[in-house]
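Notes follow the structure.
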2 protein chains.
Amino acid sequence: MENPIIQFISSYIKLSPEEINIVNEQNQIKSFKKGTVLLSEGAYAKECYFILKGCVRSYYLIDGEERTTEFYTENQGINPVSYLTRQPSEYYLACEEDCEVALSSAERSRVLIEKVPKLEALIMQMSSQLLVQNQVSFDSFKNLNPEMRYLKLLETRPDLFNRVPLQHIATYLGITPVSLSRMRKRITVKH
Amino acid sequence: MENPIIQFISSYIKLSPEEINIVNEQNQIKSFKKGTVLLSEGAYAKECYFILKGCVRSYYLIDGEERTTEFYTENQGINPVSYLTRQPSEYYLACEEDCEVALSSAERSRVLIEKVPKLEALIMQMSSQLLVQNQVSFDSFKNLNPEMRYLKLLETRPDLFNRVPLQHIATYLGITPVSLSRMRKRITVKH
DNA sequence: CTCATTAATTATCTTTTGTTAATTTTTGCC
DNA sequence: GGCAAAAATTAACAAAAGATAATTAATGAG
C-alpha cells in the first residue's frame with residue numbers, strides 16, 4: 001500500500017519513483033496516542049505536521065478554560081504560528097484521537113525542495129491556498145451567528161461530531177458548552 | 001522624495017539603483033477618490049494592491065447589509081481571495097478615503113521576480129507573515145467578546161476611529177451599529 | 001450658509017448568550 | 001459489569017446583543 005503523503009502529493013503533481021523515494025526518506029512518520037500534547041503554550045514549535053490519520057486540536061488556555069481554534073483531520077497540514085515566527089507558542093496542539101502524523105522541519109523542507117525542486121511550487125500553492133481558506137473561514141465566522149455556524153459545521157464537517165467532545169466544538173463555534181447544548185435543544189424542537 | 005514602495009521594500013532588503021528602477025517600472029500607481037469601488041461581488045479580481053495612502057475597506061453584502069471584514073491602510077497589501085483563486089469575488093473592496101494605491105498583477109509580478117529574483121524570498125516571507133497575521137487575528141476575534149474586541153481596536157488602531165464611520169467598525173467587530181453605540185455608552189459610564 | 005442625507009444615539013422590547021449550580025448521561029478503566 | 005471521572009444537559013437568573021423605530025447630530029454638496 002502506498003504512503004498517504006505520496007498519494008496526496010501525486011494528486012497535484014506527478015512524481016517519479018526515485019522522487020517518491022526521496023520524499024519518503026525525508027518524511028518522518030510518527031504515531032501518537034490520544035491525549036498527546038504536540039505543542040504547549042510557551043514552547044517553540046520545531047516542526048510542522050501533516051495528519052495522516054486522526055484528529056489534532058489547537059486551543060488557547062484562557063483563565064483556565066480551553067478555547068478551541070481548529071480541528072485538523074486527515075490530509076490537513078498544520079503550520080504552527082510558532083513554527084513560522086520562531087516565537088513561543090501562544091496555543092496548544094493536542095491529539096484528540098490516536099494519530100499518525102508526518103513531521104517536517106525547516107531543515108528537512110529545505111533538503112526536500114533542493115532534491116525535488118518541483119515541490120516548491122506545490123508548497124507555495126498550498127501556502128496560498130491555506131491563506132485563502134483561513135481568510136474565508138474568518139469571514140464566514142464573522143458573517144454568521146452562532147446558530148448558523150453550528151448548522152454550517154454540521155453540513156461541512158459532520159464527522160467532527162463523532163470524533164470530538166461537544167464542549168470543544170462549542171468553544172470552536174465561539175460559545176460556551178452550556179449555550180451549545182441549549183441551542184441544540186432549541187433547534188430540534190423547532191423541526 | 002522616494003517612492004513609498006521602495007522605502008517599504010528597502011526596510012527588508014537592499015536594492016541597487018537599477019533594481020529600484022525596475023521595481024518602479026513594474027509598479028503602476030493610481031489615485032482613487034473616496035467611494036470608488038475597486039472590486040465588486042461577482043467580479044474577477046485582476047490585480048492585487050498595496051496601499052500607499054488612504055484606507056480601503058472590504059465588506060460582504062448580506063441581506064442588503066454591509067458586513068465589514070477588514071480595513072486596509074498605509075503599507076498594507078491586499079491580496080483579494082478572487083485574485084488568488086480566480087473565482088468571482090464574494091466581497092467588495094471600496095475606498096473609504098481618497099487613496100493612492102500601487103497595483104500589481106500576476107503578469108507584472110512574474111516579470112518583476114524574473115528581473116529581481118531576490119524579491120521572491122521577500123514575497124514569500126510576506127505571504128507567510130500574512131498567513132500568521134490572519135490566523136492570529138482570527139484567534140483573537142474568537143477568544144475575545146465584542147467589548148474586548150472594541151477596546152483592543154481602540155488600542156491597536158486608534159486612527160481608524162477618525163477615518164471610518166462607526167457603523168463599519170461595528171460590523172467589523174461582529175456586532176450591529178446600535179449595539180456598538182450602546183456599548184460605548186456603557187463603557188464611558190463605567191469609568 | 002442651508003438643507004437634505006447620512007450617521008449616531010437613544011429607547012423599548014425580544015432573543016440569545018453567559019454564569020453558576022445541580023442533575024443526568026456517557027466514557028473508559030480496573 | 002461496576003464505578004469513578006468526564007461530558008452533556010437542564011434550570012434559573014443576569015448580562016448582552018438583535019431588531020425596530022424615533023430622535024439627535026454630523027456631513028457634505030450646492
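Here is the naming used below: chain letters follow the sequence lines, and residue numbers restart at 1 for every chain. What's counted below: heavy atoms across the whole structure, side chains too, no hydrogens, waters or symmetry copies.
The phosphate of dG28(C) has OP1 or OP2 within less than 4.0 Å of a side-chain N or O from Lys34(A). Using a 4.0 Å cut-off, some side-chain N or O of Lys185(B) falls inside it from OP1 or OP2 of dA11(C).
Between the CZ atom of Arg186(B) and the C1' atom of dA14(D) there is a distance of 13 Å, given to the nearest Å. Atom pair Glu65(B):CD and dT20(D):C1' shows a separation of 12 Å (rounding to whole Å applied). The interatomic distance linking Phe161(A) (CZ) with dA7(D) (P) rounds to 17 Å, in whole Å. Arg184(A) has its CZ atom 18 Å from the C1' atom of dA11(D), to the nearest Å. Rounded to an integer number of Å, the gap from CG of Asn143(A) to C1' of dG18(D) is 16 Å. In this structure, Asn145(B) atom CG and dT19(C) atom C1' are separated by 13 Å, rounded to whole Å. Atom CE in Met148(A) sits about 13 Å away from atom P in dT16(C), given to the nearest Å. One interatomic measurement links the two molecules: CE of Met183(B) to C1' of dA17(D), which rounds to 9 Å at whole-angstrom precision.
In the region residues 166-177 of chain B, proximity to DNA chain C at under 4.0 angstrom, judged on heavy atoms, holds for Leu166(B), Gln167(B).
Using modelled atom types and a 3.5 Å distance limit, the side chains of Tyr49(A) and Gln76(A) yield no donor-acceptor pair. Checking Tyr91(B) against Asp139(A) by side-chain atom types alone, no donor-acceptor pair falls below 3.5 Å. Side chains of Arg157(A) and Thr73(A): a donor on one and an acceptor on the other come within 3.5 Å. If you check the side chains of Lys152(B) and Ser140(B), you find a donor sitting under 3.5 Å from an acceptor. Using modelled atom types, one finds a donor on one side chain and an acceptor on the other under 3.5 Å when comparing Thr68(A) with Arg57(A).
Contacts of Ser181(A) with the nucleic acid, taken as non-hydrogen atoms under 4.0 Å apart, include base atoms.
For the pair Lys53(A) and Glu74(A), the salt-bridge criterion is not met [side-chain N within less than 4.0 Å of a carboxylate O]. The existence of a salt bridge linking Lys118(B) and Glu19(B) is confirmed by a sub-4.0 Å separation between a basic side-chain nitrogen and an acidic carboxylate oxygen.
The Arg182(B) side chain lies nearest to dG18(D) when the options are dG18(D), dT17(C), dT9(C).
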